[in-house]
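To start, the structure under review is shown below, and the notes come after it.
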Amino acid sequence: MQTLQFTAPPLPHYITSGLHTNKVGQIHPGRRNINVFDLLLVKKGTLFMEEEQETFEVRENHALILLPDRYHSGTKPGLIDTEYYWLHFQTEGMWTTIHTNHHLQSVKEEQPKPPHSAFLTRTFHLYVPQFTAMDQPQKAFDLIDQLTSLNEGLNMHQIRWQQQVLFQELLQRISASMQIQTTNTSRQCAELAAAYLRRHYQEEITAAQLGENTNFHPVYIARCMHRQFGCSPMEYLQRYRIDQSKLLLLQTDYSIARVAEEVGFNQGAYFTSCFTKFEGISPSKYRQRFR
DNA sequence: ATTACGTCTTAATAGCCAAG
DNA sequence: CTTGGCTATTAAGACGTAAT
């Protein structure tokens, strides 16, 4: 399964939506680089879709998000009339895809970076499954119905705002449908380990230590965290360290080496390379630019 | 401070197995 | 069918060092 990770702020925003019916035998048209995310939510029937070699059978109550930079098309005609919602949205922020399948390695495709407006911004991530069964489909249908009907309203600035709120709720619902798929205990294990990492990020941490302190086997922890967060424990730790370092860069005058040390890096040079890898810009440039 | 690169160490993961 | 552990393999990471 693939998960979309959005970095927020900025939040993804709603553009437009509608309800469409494909007659029996009708195939979804193929399109490339549509430049928006296209959410499909099937109300009745099944859509047979394909996106760059990956095929999806989007049945009733299932949601699929087509990505802006890929080619997609229908693979075969529907057996009955197929009724589905479509919704276009977009983000100004960064986003990546994460493969959470068993044997697929995690592949990141960094999107071109928009100007980072960070000034002590606390960023966070939204995780949204690309393809999922909706938990309470009727609620999602209602939301899109509302969104769509608002488009016909008059008081546009009011309405646009309201639409964004509704859209956020919809996104949340789609995201929540994913969390049900990971079971309780494995989530707990992942959260426990993550909490430990966040508490001790300033120290040197090994996988074995993490295991001892959480009373789980390191291998098992890695599996749970991958399910829950779509990344390995060490990658999680690094992300957190980099996040903390960003705060120090903006709030203090510590040298780069000092910052590196504060967030748990033993080597200044190594810190710089990691920071650049994640942020696409070196620590000192980051500091220069954002304060 | 940053980048580049070689070396050594570690973690991730597949693929087992056992127990509930 | 899920939890949880163990091991071998291998890919990735961390570090030392030096040049820019």
Side-chain angles (χ1 to χ4, degrees), chain A residues 1-3 5 96-110 113 116 118 127 132-133 177-291:
Chain A
M1 190 186 69
Q2 231 179 136
T3 303
Q5 175 188 299
T96 65
T97 58
I98 300 170
H99 293 269
T100 47
N101 238 348
H102 323 288
H103 53 277
L104 284 173
Q105 71 277 43
S106 162
V107 177
K108 303 261 142 70
E109 17 177 282
E110 270 306 314
K113 234 175 181 355
H116 206 156
Y127 296 96
T132 187
S177 73
M178 172 176 63
Q179 281 164 21
I180 288 163
Q181 285 162 25
T182 71
T183 55
N184 266 352
T185 50
S186 98
R187 182 156 79 242
Q188 272 168 27
C189 172
E191 296 289 359
L192 196 66
Y196 179 84
L197 292 175
R198 287 194 302 268
R199 272 202 311 278
H200 295 93
Y201 74 97
Q202 288 175 307
E203 308 152 27
E204 208 172 303
I205 302 178
T206 65
Q209 256 176 56
L210 178 62
E212 279 167 34
N213 285 288
T214 53
N215 294 319
F216 285 111
H217 192 104
V219 173
Y220 182 60
I221 295 171
R223 258 188 294 172
C224 292
M225 288 196 70
H226 202 268
R227 263 204 295 254
Q228 184 66 13
F229 301 109
C231 70
S232 66
M234 287 303 142
E235 189 181 337
Y236 183 94
L237 175 62
Q238 266 209 4
R239 283 209 148 84
Y240 191 74
R241 282 177 165 162
I242 300 291
D243 278 349
Q244 297 305 312
S245 77
K246 280 154 78 174
L247 292 177
L248 288 180
L249 287 170
L250 297 177
Q251 292 171 346
T252 72
D253 286 317
Y254 295 166
S255 68
I256 301 298
R258 172 82 192 276
V259 171
E261 209 186 313
E262 291 283 333
V263 299
F265 284 85
N266 294 325
Q267 220 96 163
Y270 184 52
F271 167 68
T272 300
S273 84
C274 287
F275 190 97
T276 312
K277 191 176 84 196
F278 277 98
E279 298 300 315
I281 177 176
S282 73
S284 56
K285 280 197 186 131
Y286 179 88
R287 172 179 267 165
Q288 251 175 51
R289 185 178 307 175
F290 296 121
R291 59 169 205 179

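Small disclaimer: the values here were computed from a predicted structure and weren't measured. Just so it is clear: chains get the letters A, B, ... in the order the sequence lines come, proteins before strands, and each one is counted from 1.
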Contact under 4.0 Å: [X] side-chain N or O vs [N] OP1/OP2:
X      : N      : value
A/S232 : B/dA12 : yes
A/S282 : B/dT2  : yes
A/H217 : C/dC6  : yes
A/T276 : B/dT3  : yes

Between [X] and [Y], what is the shortest heavy-atom contact and its length?
X      : Y      : result
A/I221 : A/A193 : CG2-CB, 3.5 Å
A/F271 : A/P283 : CE2-CG, 3.7 Å
A/Y196 : A/Q209 : OH-OE1, 4.1 Å

Side chain of [X] only, heavy atoms from C-beta on: which candidate in [options] is closest?
X      : options               : answer
A/S255 : C/dG13, B/dA1, C/dC6  : B/dA1
A/K277 : C/dC15, C/dG13, B/dT2 : C/dG13
A/V219 : B/dA1, C/dC6, B/dA11  : C/dC6
A/R227 : C/dT7, C/dT3, B/dT2   : C/dT3
A/P233 : B/dA12, B/dT3, B/dT13 : B/dA12

Students often get this wrong, so: under 4.0 angstrom with heavy atoms, is [X] touching a base, only sugar-phosphate, or nothing?
X      : value
A/A269 : base
A/S273 : nothing
A/A257 : sugar-phosphate

A/E204, CD atom: more than 12 neighbouring heavy atoms under 6.0 Å:
no
Roughly, in whole Å, what's the span from [atom1] in [X] to [atom2] in [N]?
X      : N      : atom1 : atom2 : value
A/Q267 : B/dT10 : CD    : P     : 15 Å
A/Y220 : C/dT7  : OH    : C1'   : 19 Å
A/L237 : C/dG13 : CG    : C1'   : 12 Å
A/F216 : C/dC6  : CZ    : P     : 13 Å
A/E261 : B/dA1  : CD    : P     : 12 Å
A/K285 : B/dA1  : NZ    : P     : 14 Å
A/L210 : C/dG5  : CG    : P     : 12 Å
A/R223 : B/dC17 : CZ    : C1'   : 11 Å

Do the charged groups of A/E191 and A/R187 touch, with an N to O distance under 4.0 Å?
no
Closest nucleotide of DNA chain C for A/C224 versus for A/E204: which of these residues is on the 5' side?
A/C224
Ring centroids only, cut at 6.0 angstrom: are A/Y240 and A/Y236 within range, meaning strictly under it?
no
